[in-house]
Number of protein chains: 2
Amino acid sequence: MTTAHRRFKDSLYEQFARVGKAVAAPKRVELLDLLGQGSRAVEALAGLAAISVPNASQHLQVLRAARLVEARKRGLYVEYSLADDEVGHFVVTLRGLAAARLAEVEQITRAHFDGRGGPDAVAGDELIGRVRRGEVTVLDVQPAEEYRAGHFPRAVSIPIDELKARLKELPKDREVVAYRRGPYCVMAVEAVELLRQKGFTARRMELGVPNWRARGWRVATVRRGAGA
Amino acid sequence: MTTAHRRFKDSLYEQFARVGKAVAAPKRVELLDLLGQGSRAVEALAGLAAISVPNASQHLQVLRAARLVEARKRGLYVEYSLADDEVGHFVVTLRGLAAARLAEVEQITRAHFDGRGGPDAVAGDELIGRVRRGEVTVLDVQPAEEYRAGHFPRAVSIPIDELKARLKELPKDREVVAYRRGPYCVMAVEAVELLRQKGFTARRMELGVPNWRARGWRVATVRRGAGA
DNA sequence: CCGTTATTCAAGCGTACGGTTGAATATTCA
DNA sequence: TGAATATTCAACCGTACGCTTGAATAACGG
């Protein structure tokens, strides 16, 4: 009886640990994060996560086995997506927990932002209203592909590596708030630095796309091309 | 530059995955679950999780390295506890996600409850009021030790293996709602069966102690004995 | 029908992990 | 001080995991 109970408990916790195992590998967390922005094919995910395609496929299958993501065949591609909004919440919770408890996270981000005048972040909540009033320009420095998958309302898309060349597209008289994916991404900081050098008033947004979605905010999405 | 960004991202996700790794081992999520009920010493945890003491110690140190639990030396014992309420939330989320997505969980629990007339659960929310009005008797069938760590308000403690002998302590004219830790535990079901055989009107409660705590409900606690 | 492309399968390799065992380290009590 | 007890440390073993490489499997286009 008691031993039967043990077996039951063991098999149960083994199942729970399956989703634990799914987020035990850094690259898998990153993939989930990526998918939190929108559905993508294997090759795209592999590129964004900087891993080989077979490796990405392997990871995605692990995630699929844990029912965290779903695969949908779309012509020649396989479109992966989060199985549920709850999964997105879970990942955000995981990140939040890590950020709150692991001093290392703070250290790592600080090490990157170090000396450059600090993050100078602005909260997304504050922004919503000011954007609507046209007081600020919101700049999305993600690659166009990620912008397409979801972006801040009314945000202008200029990928970081094109920013220098396309600076004239931004109005100089308004404050610019740059963002990229995730709360810890350096890209936004680099953009802010560049803009400041060029005489703009620029700041960095605190949260990225997946966080908005997790918070239930609406995320503007360009319709996905029918061809590709 | 882009490679620097990669390194940054990698080290960041590596930190996130630390939390993931912490809940990648079944026994560790069981330990977290146990700790969700209240602080305990290593030996007690080892016993409850059915693992050796050194093994438990090892797991606990992994959890401590991930900042999910905290250790506090109390005389000869080391009292482990969850580092934060958020950790409890996280574990509940994890379990919920697993239960929602993994058909296996449903299967396993069903295999145990099979044929015996079903779970017949009653939600904790519904119960709160009825207990206050004295309409039902709430029965805690956990071991006394676990009862001491935290239990439902006004619950009567009769460990499952003493239940048969102490049946007369329960009033026959009121409905009895039995519970034990976690939403999937068989003990409550067994208690309900026994009670029904003896002529009681009995049901099983849906959620266990850690869930209440995670929901922010108050949990009655008997003061911890100074001696043991 | 054949080449191309996206994805998956399969095998192999090095490392890390979970668990065991036995000894070492604290802390309390006499 | 010395015995008793709770916990941790350290070494070890078998397995599983993450990643790579190379081939196999689908789906589309000419």
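What's counted below: heavy atoms across the whole structure, side chains too, no hydrogens, waters or symmetry copies. Throughout, protein chains are lettered first and strands after them, A, B, ... in sequence-line order, and every chain is numbered starting at 1.
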Query raised in the report: What does R64(B) touch in the nucleic acid at a heavy-atom separation under 4.0 angstrom: a base, only the sugar-phosphate, or nothing?
Result: nothing
Query raised in the report: Are OP1 or OP2 of dT7(C) and a side-chain N or O of S57(A) less than 4.0 angstrom apart?
Result: no
Query - Donor-acceptor pair, side chain of R18(A) and main chain of R67(A), under 3.5 angstrom - result: no
Query raised in the report: In whole angstrom, what separates R18(B)'s CZ from dC17(C)'s P?
Result: 11 Å
Report summary line: From CG of L76(B) across to P of dT27(C) the rounded distance in Å is 9 Å
**Report entry** Presence of Y80(B) side-chain N/O under 4.0 Å of dA6(D) phosphate oxygens OP1/OP2
**Finding:** no
Query raised in the report: Do the side chains of V62(A) and L68(A) get nearer than 4.5 Å, heavy atoms only?
Result: no
Query raised in the report: For S52(B) and dT20(C), is the shortest distance between a side-chain N/O and OP1 or OP2 below 4.0 Å?
Result: yes
**Report entry** Gap between atom CD of E79(B) and atom CG of L35(B) - 0.5 Å precision
**Finding:** 10.0 Å
Query raised in the report: What integer distance in Å separates D10(B):CG from dG18(D):C1'?
Result: 14 Å
Report task. Rounded off to whole Å, could you give me the CG-to-C1' distance for the N55(B) and dT7(D) pair? Result -> 14 Å
Requested in this report: Please work out if A41(A) contacts a base, only the sugar-phosphate, or nothing of the nucleic acid, heavy-atom cut-off 4.0 Å.
Outcome: sugar-phosphate
Report summary line: Rounded to whole Å, CG of L63(A) lies from C1' of dG18(D) at a distance of 13 Å
Query raised in the report: With a non-hydrogen cut-off below 4.0 angstrom, is Q61(B) in contact with a base, only sugar-phosphate, or nothing?
Result: sugar-phosphate
Query raised in the report: Roughly how many Å is it from CD1 in I51(A) to C1' in dT21(D), rounded to a whole number?
Result: 15 Å
**Report entry** Closest-nucleotide 5' rank along DNA chain C - winner of V78(A) and K73(B)
**Finding:** V78(A)
Query raised in the report: Is the distance from OP1 or OP2 of dT8(D) to the nearest side-chain N or O of Y77(B) less than 4.0 Å?
Result: no
Query - Euclidean distance, atom CD of residue Q58(A) to atom P of dC17(D) [Å, nearest integer] - result: 11 Å
Query raised in the report: Of P54(A) and L60(B), whose nearest nucleotide on DNA chain D comes first from the 5' end?
Result: L60(B)
Query raised in the report: Do L63(B) and L32(B) touch side chain to side chain, with heavy atoms closer than 4.5 Å?
Result: yes
Report summary line: Rounded to whole Å, the CD-C1' distance (E43(B) to dT8(D)) equals 14 Å
Report summary line: So CG of L48(B) and CG of D33(B): to nearest 0.5 Å the spacing works out to 11.5 Å
Query - H59(B) vs dC17(C): side-chain N/O to OP1/OP2 distance below 4.0 Å - result: no
**Report entry** OP1 or OP2 of dG18(D) under 4.0 Å from side-chain N/O of R28(A)
**Finding:** yes
